[in-house]
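Below: the structure, in structure tokens.
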Amino acid sequence: MHHFQCILQAQRCLGWGPLASVSWLLLRTCRAHSSFSSTTCPGPEGQQEDGVREDFSSRLATGPTFQHFLRSASVPQEKLASSDVVDPPPYLTVDELLGRQRKVYLETYGCQMNVNDTEIAWSILQKSGYLRTSNLQEADVILLVTCSIREKAEQTIWNRLHQLKALKTKRLRSRVPLKIGILGCMAERLKEEILNREKMVDILAGPDAYRDLPRLLTVAESGQQAANVLLSLDETYADVMPVQTSPSATSAFVSIMRGCDNMCSYCIVPFTRGRERSRPVASILEEVRKLSEQGLKEVTLLGQNVNSYRDNSEVQFNNAVSTNLSRGFSTNYKTKQGGLRFAHLLDQVSRIDPEMRIRFTSPHPKDFPDEVLQLIHERDNICKQIHLPAQSGSSRVLEAMRRGYSREAYVELIHHVRESIPGVSLSSDFIAGFCGETEDDHLQTVSLLREVQYNMGFLFAYSMRQLSKRSATELCGRNDGNLKVIFPDVEMEDATDSGLRVRAQPGDYVLVKITSASSQTLRGHVLCRTTLKDCSAHCSPE
Ligand code: 5AD
Ligand code: SF4
């Protein structure tokens, strides 16, 4: 697969591009965390009374004033952190942000994180005056909390959207227009592609944008599409107490951290959920205490890598002690230091209610400290169950996956875990068919399954997650104005050597005719390979 970075010389004439210098670039370095955020795009429908829309539009056009920024800046941190306080943007009033008893139907796909996120999103909407319904037919707002981990997960959502489209079209004119939102990982990964492909989608909210849901829905009410896919370095929704979906539930998920820094080469999560950050211990303990008071019998502490947990919010707890990695394990990021670690959190959580079972998922095998194993062994209420995703039994494939350990190091850890916690239940995830995996690699995975004798295994066929809308048959360069230009990788004339037909190579300049544009990228077809000098002679802007 070829991935190029090009430097194109733009001409400001007649939509004609440019010359390109093509250079090699690894795809992974192209992954952008967020390409747009908090934007509103003109939508397909104008479904509001004109008076309301005119007022809203004129306020939107006027935009925030200097006073608005001063006012926001002067709000004390504590106040900003509280989800009860609504600080409306300058083009909306507090009243307009209210749900006015609109009924929300939430549907969850993907992992336990998404189950928890659904409760967070609902908690925020409930405070804003929305009602919840479990009946799709009576919903005014339908929100899908989506997953991107494999192609199939996304296909399920596209199919669901087709069904919902019919529901939206059939909606009686006498009722409030139905609004549809995509929340979570798929909103983050595909961004405006969803809005362009499915015009009936009204709002997009990435995993770090749920506080913005009331505003997004209000904007959508005026007939516009609204999106916020901004990723955060510190959002943990620490102050948002999730609302239990079922009042008769006996178990609950408690999110202790968000995001992931591991960058395993097959995984989309660092790009959909952003950088790793931990929720402060105090707020986790408060939530678990409340759940215990409500009579819940089991909590599962959730995070992408729970044993990387590190609460740095209390400065006095910072120390210079760095992470002890399991023997034979390494990380893809710089060693982190200080803070309250997972062993401390687990200890505190397990002391809250001796009759409440504690589970956690998922730990990464790279840092499994003895303190955690010891705690699991000695506390009656911490379940003797560990999910230790191996992903492959072949050291060669593990290296290609950037897992930071070999098969031998993983097996050694398994022995250590079994010695430390006799009778422990072990489960794991495996991926089959990763890029470059051979029959022999696969047999090594099968042999690891036999060797470890897990209690449970989750086996997945590898699903390539495309991170760029550019296909393998396209090249990319930059024009003189530094805009990205994408064009098909085809043979072209060489303007400097008539009769010669060439394919663009890294470092070449090419002349491209621009045929379309999106907010950040130009697309076109390539005309010829050229030089800076020749191009300025033939394509001068005048
Ligand atoms: N294809 C297939 N499986 C994947 N997983 C993560 N990314 C992919 C992918 N691109 C699996 C891993 C992970 C589990 C949650 O999903 O096994 O542990
Ligand atoms: Fe959960 Fe990963 Fe799916 Fe996001 S992509 S919902 S983190 S499984």
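Model, not experiment: these values are computed from the prediction. Both counts, for ligands and for their atoms, begin at 1 and track the order of listing.
Ion pair Glu474/Arg523 flagged as a salt bridge, since at least one NZ, NE, NH1 or NH2 atom sits closer than 4.0 Å to an Asp/Glu carboxylate oxygen. Ion pairing between a basic and an acidic side chain is recognised when a charged N comes within 4.0 Å of a carboxylate O; Asp347 and Arg379 show such pairing. Using a cutoff of 4.0 Å between basic side-chain nitrogens and carboxylate oxygens, Arg359 and Glu298 are scored as salt-bridged. Using a cutoff of 4.0 Å between basic side-chain nitrogens and carboxylate oxygens, Asp261 and Arg277 are not scored as salt-bridged.
Under a 4.0 Å criterion applied to the non-hydrogen atoms of Asp429, ligand 1 contributes the atoms 13 (C), 14 (C), 15 (C), 17 (O), 18 (O). For ligand 1, the atoms closer than 4.0 angstrom to any heavy atom of Gln391 are 12 (C), 13 (C), 17 (O), 18 (O). Per-residue contacts place Tyr462 under 4.0 angstrom from the following atoms of ligand 1 (heavy atoms of the residue considered): 1 (N), 2 (C), 10 (N). Applying the 4.0 Å criterion to heavy atoms of Ala461 picks out, from ligand 1, the atoms 1 (N), 2 (C). Applying the 4.0 Å criterion to heavy atoms of Arg150 picks out, from ligand 1, the atoms 1 (N), 2 (C), 3 (N), 4 (C), 5 (N), 11 (C), 16 (O).
Ligand 1 has a nitrogen or oxygen under 3.5 angstrom from a nitrogen or oxygen of Tyr266.
Counting heavy atoms closer than 4.0 Å to ligand 1, residue Cys111 contributes nothing at all. At a heavy-atom distance under 4.0 Å, atoms from both the backbone and the side chain of Ile149 approach ligand 1.
Asp117 has its side chain within reach of Ile120: a pair of non-hydrogen atoms, C-beta onward, lies under 4.5 Å apart.
Aromatic ring pairs are classed by plane angle as parallel below 30°, tilted from 30° to 60° and perpendicular above 60°; the pair Tyr237 and Tyr210 is parallel.
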